[in-house]
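In what follows, a structure is listed as structure tokens, so that the remarks can point back to it.
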Amino acid sequence: MSEKLDKLKELQEELSKKVKVVPLSHFPRLVGGADVSYPEPSSALGVIVIYDLKTRKVLEEVFAVEKVSFPYIPGFLSFRETPVLKKAFVRLKNIPEVLMVDGQGILHPRGLGLASHLGLELSIPTIGVAKKPLLGQFEPPEDKPGAFSPIFVQGEIKGAVLRTRKGVKPVYVSPGHLIDLDSALKVVKASLSGYRIPEPLRKAHLLTQRLRRECCDYPGWGHRQQGRGENP
DNA sequence: GCGACAG
DNA sequence: ATCTTGTCGC
């Protein structure tokens, strides 16, 4: 009954070999934020927001709805959320230099968290920013914004616990694809704006929740651009 | 065997 | 993730 997962585990191990952990060549200006909500148990709503680090404003927002085709199983989140996020991604006019994803990167049992899997399929740099730990050994970081401590997995540093705000629970950062931990931390820190969640992801999450209730599904859906209030 | 376990 | 209001504290 669970040989299916064994098959997927092999796939993850195979794909993880293709993940590149390297420093980002240039500091990014356009940072994306990707998140998913569920208007109903059978459908997923994916959102990607493009945030301009220079102007500190949202440049573009896109979303997509897709039937859920996989259950939530810790360690296999990417098979559930990657489809709808890819669908939303192709609707972007502006391609982000790096995409922050709500979930783990290489800090995963088989080195292929949602951020890594998505980055691999999109061939763009991605960063995993999770609100809870999935695995690893670490010490709590100091209660000061920007403070962080490494997360070890079998003696190797795979990510970091980052304090984004004083007196608030930290977030778990790890490289997704085409980026390393140092670059990832720099980007996440530069994307903070006083809240626990970095701005690109926070904006994506807010939109994901707003659209979830605004009843969905009708022609003309899927695209939102700066300035204009609604859909083209 | 038991507990943990991203969203 | 989702079901859900008020309340305590910086």
Side-chain angles (χ1 to χ4, degrees), chain A residues 2 5-6 8-9 12 15-16 19 33-49 63-88 99-121 126-138 143-145 151-154 158-177 181 184 188 194-198 200-216:
Chain A
S2 59
L5 292 185
D6 291 324
L8 291 178
K9 284 183 182 179
Q12 293 181 316
L15 291 174
S16 69
V19 174
D35 191 28
V36 177
S37 69
Y38 298 85
E40 55 185 47
S42 61
S43 56
L45 193 169
V47 164
I48 293 182
V49 163
F63 62 89
V65 177
E66 185 87 334
K67 282 300 179 183
V68 168
S69 59
F70 198 87
Y72 168 66
I73 301 175
F76 299 86
L77 180 64
S78 66
F79 295 106
R80 178 178 171 79
E81 306 195 331
T82 277
V84 70
L85 288 178
K86 285 172 62 180
K87 187 172 179 178
L99 178 64
M100 292 177 48
V101 184
D102 197 338
Q104 313 286 350
I106 62 172
L107 186 50
H108 174 279
R110 291 162 292 285
L112 196 77
L114 174 59
S116 297
H117 196 161
L118 188 59
L120 209 49
E121 304 227 321
T126 56
I127 299 173
V129 179
K131 297 182 290 300
K132 298 177 185 176
L134 177 58
L135 57 81
Q137 278 294 279
F138 57 85
D143 190 21
K144 181 181 180 180
I151 297 179
F152 297 87
V153 174
Q154 298 178 59
K158 295 296 184 182
V161 203
L162 174 68
R163 185 78 63 185
T164 54
R165 193 184 157 171
K166 177 177 171 56
V168 173
K169 291 190 298 182
V171 295
Y172 303 79
V173 179
S174 62
H177 181 49
L181 184 56
V188 173
Y195 297 91
R196 175 162 92 120
I197 305 301
L201 275 182
R202 198 178 77 87
K203 285 312 220 324
H205 184 260
L206 290 175
L207 182 54
T208 218
Q209 294 303 304
R210 184 152 68 75
L211 294 179
R212 177 167 67 78
R213 75 192 68 173
E214 280 182 14
C215 268
C216 19

Legend entry - Runs of at least three consecutive pairs that involve DNA chain C, where pairs are Watson-Crick or G-U with distances under 3.5 Å: none
Inset, instruction - Could you check how far CG of A:Asp35 sits from P of C:dA1, rounded to whole Å? - result: 7 Å
Inset, instruction - For A:Leu134, check side-chain contact (heavy atoms from CB on, under 4.5 Å) against everything at least two apart and list the hits. - result: A:Gln104, A:His108, A:Pro109
Inset, instruction - Could you tell me which residues satisfy side chain to side chain donor-acceptor pair (under 3.5 Å) with A:Gln209, sequence neighbours excluded, listed by chain and number? - result: A:Arg212
Legend entry - Test item: A:Ser116 side-chain N/O and A:Ile106 main-chain N/O as donor-acceptor pair under 3.5 Å: yes
Inset, instruction - Report which part of the nucleic acid A:Gly113 touches: base, sugar-phosphate, or nothing (heavy-atom distance under 4.0 Å, all strands). - result: base
Legend entry - Duplex segments of DNA chain B, taken as runs of at least three Watson-Crick or G-U pairs that stay under 3.5 Å: none
Inset, instruction - List the atom of A:Pro170, the atom of A:Arg196, and the distance in Å for their closest heavy-atom pair. - result: O-NH1, 2.9 Å
Produce the list of close N/O pairs, under 3.5 Å, pairing protein atoms with atoms of nucleotides 4-10 of chain C; give distances to one decimal.
none

Legend entry - Contacts of type side-chain contact (heavy atoms from CB on, under 4.5 Å), residue A:Lys132, not counting sequence neighbours: none
Inset, instruction - Scan A:Glu40 against the nucleic acid and name what it touches under 4.0 Å (heavy atoms): base, sugar-phosphate only, or nothing. - result: nothing
Inset, instruction - Name all residues meeting the salt bridge (charged side-chain N to carboxylate O under 4.0 Å, His left out) criterion together with A:Asp102; count only those two or more places apart in sequence or in a different chain, and write none if there are none. - result: A:Lys131
Inset, instruction - Would you please name every residue forming a salt bridge (charged side-chain N to carboxylate O under 4.0 Å, His left out) with A:Arg80, sequence neighbours left out? - result: none
Inset, instruction - Name the orientation class of the two ring planes belonging to A:Phe79 and A:Phe70 (parallel below 30°, tilted from 30 to 60°, perpendicular beyond 60°). - result: tilted
Inset, instruction - Keeping the roles fixed (side chain from A:Thr208, backbone from A:Val47), state whether a donor-acceptor pair exists under 3.5 Å. - result: no
Legend entry - Strand contacts (DNA chain B) in residues 69-77 of chain A, 4.0 angstrom heavy-atom criterion: A:Tyr72, A:Pro74, A:Gly75, A:Phe76, A:Leu77
Inset, instruction - Would you confirm whether A:Gln12, through its side chain, and A:Gly75, through its main-chain N or O, come within 3.5 Å as a donor-acceptor pair? - result: yes
Inset, instruction - Without swapping roles, check the side chain of A:Asp143 against the backbone of A:Lys166 for a donor-acceptor pair under 3.5 Å. - result: no
Inset, instruction - State whether the side chain of A:Lys86 and the backbone N or O of A:Leu118 hold a donor-acceptor pair below 3.5 Å, judged by distance alone. - result: no
Inset, instruction - Starting from P on C:dA1, measure out to CG on A:Leu207 and report it in whole angstrom. - result: 15 Å
Inset, instruction - Tell me, please, the opening and closing nucleotides of DNA chain B, 5' to 3', among those with an atom under 4.0 angstrom from a non-hydrogen atom of chain A. - result: B:dC5 to B:dG7
Legend entry - A:Arg165: side-chain contact (heavy atoms from CB on, under 4.5 Å) partners, not counting sequence neighbours: A:Val168
Inset, instruction - Indicate, with a heavy-atom threshold strictly under 4.0 Å, whether A:His205 touches base, sugar-phosphate, or nothing. - result: sugar-phosphate
Legend entry - Partner set under side-chain contact (heavy atoms from CB on, under 4.5 Å) for A:Val153, not counting sequence neighbours: A:Leu107, A:Leu135, A:Lys158
Legend entry - Reference residue A:Thr82; test side chain to side chain contact (heavy atoms under 4.5 Å, CB included); the match among A:Leu114, A:Leu77, A:Val101, A:Val36: A:Leu114
Inset, instruction - Might you point out which heavy atoms bring A:Ile151 and A:Gly136 nearest each other, and give the distance in Å? - result: CG2-CA, 3.8 Å
Inset, instruction - Please work out if A:Pro133 contacts a base, only the sugar-phosphate, or nothing of the nucleic acid, heavy-atom cut-off 4.0 Å. - result: sugar-phosphate
